[in-house]
Amino acid sequence: MKINEPQRLGAVNPYAKHNEQRAAEASRKKKTDNVQISSEAMEMLQSQNVTSPERQKQIEALKEQVSTGTYHVESGKIAEKLLPYLKQQDRN
């Protein structure tokens with residue numbers, strides 16, 4: 001009676017080499033994060049950097065109104081500004 005066949009000596013896992021190759025490929029192909037900023041976003045960022053004294057005064061006044069609770073939201077103006085945007089979204 002044969003216990004070990006000559007071809008089976010040392011054949012522990014025939015898929016081990018394949019798994020090692022896949023692990024090596026995965027480590028080489030590690031993806032990195034990629035961020036793309038649209039031209040509209042870049043324009044918005046650049047417009048934020050402009051700090052005129054008048055704008056600073058307006059911002060401080062708005063902050064004061066919000067903190068004291070006297071800031072009033074004009075819903076009509078908000079609707080006027082949103083309407084063109086919403087119309088454009090309906091077309092797309």
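Inter-residue side-chain proximity for Ile37 and Val35 is flagged as met; some heavy-atom pair is nearer than 4.5 Å. Between Thr68 and Glu64 the shortest side-chain heavy-atom distance falls below 4.5 Å.
Around the CD atom of Gln58, the shell of radius 6.0 Å holds no more than 12 heavy atoms that belong to other residues, nucleotides or ligands. Within 6.0 Å of CG on Asp33 lie no more than 12 heavy atoms contributed by other residues, nucleotides or ligands. Applying the 6.0 Å contact sphere to CD of Glu43 captures no more than 12 heavy atoms from other residues, nucleotides or ligands.
The hydrophobic cluster containing Val66 also contains Val73, counting ILVMFWY residues as joined when their side-chain heavy atoms lie under 4.5 angstrom apart, directly or transitively. A continuous path of Ile, Leu, Val, Met, Phe, Trp and Tyr side chains, each step under 4.5 Å between heavy atoms, connects Tyr71 with Ile78, placing both in one hydrophobic cluster.
To the nearest 0.5 Å, atom CD of residue Glu74 and atom NZ of residue Lys81 are 12.0 Å apart. Summarising the geometry, atom CE belonging to Met44 is positioned 11.5 Å from atom OG belonging to Ser39; distances are rounded to the nearest 0.5 Å. Note: Arg91 CZ to Gln88 CD = 7.0 Å, rounded to the nearest 0.5 Å.
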